[in-house]
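Reminder, nothing fancy here: chain letters follow the sequence lines and each chain counts from 1.
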Amino acid sequence: MFGLVDCNNFYASCERVFRPDIRTAPVGVLSNNDGCLIARSREIKDLGIKMGVPYYQIKEQIKRYNIQVFSSNYELYGDMSNRVMRLLRDFVQDIEVYSIDEAFLDFHGYERFNLKEYGEKIVHTVTKGTGIPVSLGIAPTKTLAKVANKFAKKYPGYKGCCIIDTEEKRIKALQKTEVSDVWGIGRQHTKFLNKYNVKNAYEFTRMPKSWVRANMTVVGERMWEELNGIPRIALDEGLDMPKKTMCTSRAFGETISHIEGLREAVSTFAAMCAAQLRKQGSSAVSIMVFIHTNNFKPEEPQYARNCILDLPVPTSVTAEIIKYANIALSKIYRPGFKFKKAGVIITGICPDCAIQQDLFDTNLNRDKHARIMPIMDKLNSGFNRNSLIMAAQMGSQKWKMKQNHKSPCYTTRVSDFPVVKLH
DNA sequence: TCTGGGGTCCTAGGACCC
DNA sequence: TCTGGGGTCCTAGGACCC
């Protein structure tokens, strides 16, 4: 059996942990730049306010219902996530951290356990130990565990833990699950399936396997089998799985027209990618830079380009990656536009141990720089993020995000923790 | 005024190998 | 006259996930 633990309204719940005063108030969290609503507490969902709506469109409701809004604080959410995962590891040996707020548990070998009881204990312990309410779904496959989790969340009667362990329960659950709610079925497949009158997950499992395979590739076939109770997706503990691509991009707080401002942003994104590369012991083989204007304003002149460069020799040296990112930027920059967003994508990555050297390499300083990097990373670790940056990253900082409602990093920055006055 | 960010997997087709 | 069979690697684009 597999378990899926999912934190309820994760970001909103994180904001509540250190704010008992808003525990029963509607709480919402905004995307970067305070753009869209990306997390909602139960109360907001009940008001019918949709996921992903632009902030400015709901300002009136925020006032009317006294909704507490926060800018996203990923440092806080990341740390709270670690706490949840750590507690889960006390209950099962094999866990797959699937996302910031989800983890799969492997109950292989727990046949003698009463999994329903054990599951309730997990839910209770994590909720109590972190302040983050969680739900658990248990079933013979990961896809079914996802289904079970939705029921655990929806119906309080399950006490946070729903288990699909009989054929009757499986069929009933699938009949009550819309096909669009199945893990792996997105908008396109939903549209396609609805065309053939496949509305719920059970109907999907009754379609011929060959038809699914022919129309939805092996991915669809895998989901079909998983829903039919045949495990096809193994637990992935994600040990030492280096990333195959990385991206750092942001929409700017203010639009930028001059290349200097873009250089500053692109250099910062490049430096962030470089640090990430070093963290996983990899180097960039090729790099892409993109810039574009605000496509939500079609009345303004639009411009969007990207440029991919192959590096002469793969590297993770910040200065070098910044250099090539800026070369790419110069190739695509055009004056006369108001740029709203830029990004750096490392499109090709290779492990440091497999770098192909260049006989005619002109950068004779790479080794020297490479020795500096660990020192820079060390200085920037822990509480000292950004204590040492490249000069190219400095300037007007016009690109910096709007974050007007950010909460303190309660658990990771001493200086952020509010002083409690005792009377 | 105002609209997020970061990933993975699969397929088809081209180029190439022996 | 006539021209095989079996592979790999790479990339762009699509679909999906949180």
At 4.0 Å (heavy atoms only), tell me whether [X] reaches a base, stays on the sugar-phosphate, or touches nothing.
X      : answer
A:I185 : sugar-phosphate
A:E254 : nothing
A:Y55  : nothing
A:D101 : sugar-phosphate
A:V182 : sugar-phosphate
A:T248 : sugar-phosphate
A:Q57  : nothing
A:K297 : sugar-phosphate

Checklist entry - Got a second to check how far A:M80's CE is from A:F18's CZ, nearest 0.5 Å? => result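 A:M80 atom CE to A:F18 atom CZ measures 5.0 Å (nearest 0.5 Å).
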Checklist entry - DNA chain B: A:N294 or A:C247, which has the more 5' nearest nucleotide? => result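 Upstream on the strand: A:N294.
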Next on the checklist: Show me the dot-bracket string of DNA chain B, counting Watson-Crick or G-U pairs under 3.5 Å, with | for pairs to another strand and [ ] for crossing ones.
Outcome noted: ....||||||||||||||
Checklist entry - Are A:E203 and A:K199 ion-paired here, with the side-chain N under 4.0 Å from a carboxylate O? => result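 Salt bridge absent between A:E203 and A:K199.
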Checklist entry - If every non-hydrogen atom of A:L76 is compared with every non-hydrogen atom of A:E15, which pair is closest and at what distance? => result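 Shortest heavy-atom contact: CD2-OE1, 4.2 Å.
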Checklist entry - Which pair of heavy atoms, one from A:T205 and one from A:L174, lies closest together, and at what distance? => result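 Scanning both residues completely, I find the closest heavy atoms to be CG2-CD1, 3.8 Å.
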If you check every side-chain atom of [X], which of [options] has the closest atom?
X      : options               : result
A:R250 : C:dC18, B:dG5, C:dA15 : B:dG5
A:H189 : C:dA15, B:dT3, C:dC18 : C:dA15
A:K402 : C:dC18, B:dC2, B:dG4  : B:dC2
A:P54  : B:dT11, B:dG4, B:dT3  : B:dT3

What is the distance, to the nearest angstrom, from the [atom1] atom on [X] to the [atom2] atom on [N]?
X      : N      : atom1 : atom2 : value
A:M272 : B:dG7  : CE    : C1'   : 15 Å
A:M401 : B:dG4  : CE    : P     : 12 Å
A:N32  : B:dT3  : CG    : C1'   : 13 Å
A:N306 : C:dT11 : CG    : P     : 15 Å
A:N215 : C:dC16 : CG    : P     : 13 Å
A:K150 : C:dC18 : NZ    : C1'   : 12 Å
A:Q188 : B:dT11 : CD    : C1'   : 16 Å
A:D6   : C:dC17 : CG    : P     : 14 Å

Item to check | A:K159, NZ atom: more than 12 neighbouring heavy atoms under 6.0 Å | outcome: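 Counting neighbours around NZ of A:K159, 12 or fewer heavy atoms of other residues, nucleotides or ligands fall under 6.0 Å, so no.
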Taking atom types as modelled, is there a side-chain donor on [X] or [Y] under 3.5 Å from an acceptor on the other?
X      : Y      : result
A:T293 : A:Q302 : yes
A:K45  : A:N9   : yes
A:D6   : A:S135 : no

Atom pairs, protein N/O to nucleotides 8-10 of chain B N/O, distance under 3.5 Å:
residue, atom, partner, partner atom, Å
B:dC9, OP2, A:K244, NZ, 2.7
B:dC10, OP1, A:R222, NH1, 3.1
B:dC10, OP1, A:R222, NH2, 3.1

Item to check | Residues touching DNA chain B, which here means a heavy atom under 4.0 Å, drawn from residues 337-349 of chain A | outcome: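 Residues of residues 337-349 of chain A under 4.0 Å from DNA chain B: A:K340, A:K341.
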Going by heavy atoms in the side chains, are [X] and [Y] under 4.5 Å from each other?
X      : Y      : result
A:Y196 : A:N215 : no
A:M390 : A:T268 : no
A:F151 : A:K176 : yes

Does [X] make a side-chain N or O approach to OP1 or OP2 of [N] shorter than 4.0 Å?
X      : N     : value
A:K59  : B:dT3 : no
A:S249 : B:dG6 : yes
A:Q276 : B:dG7 : yes

Checklist entry - Do A:N32 and A:Y74 pass the side-chain contact (heavy atoms from CB on, under 4.5 Å) test, and can you show the C-alpha distance, the side-chain angles, and the key distance before you say yes or no? => result CA-CA 10 Å; A:N32 279 342; A:Y74 289 102; 4.0 Å; yes
Item to check | Centroid-centroid under 6.0 Å between A:F104 and A:W183 rings | outcome: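 Between A:W183 and A:F104, which both carry aromatic rings, the centre distance is below 6.0 Å.
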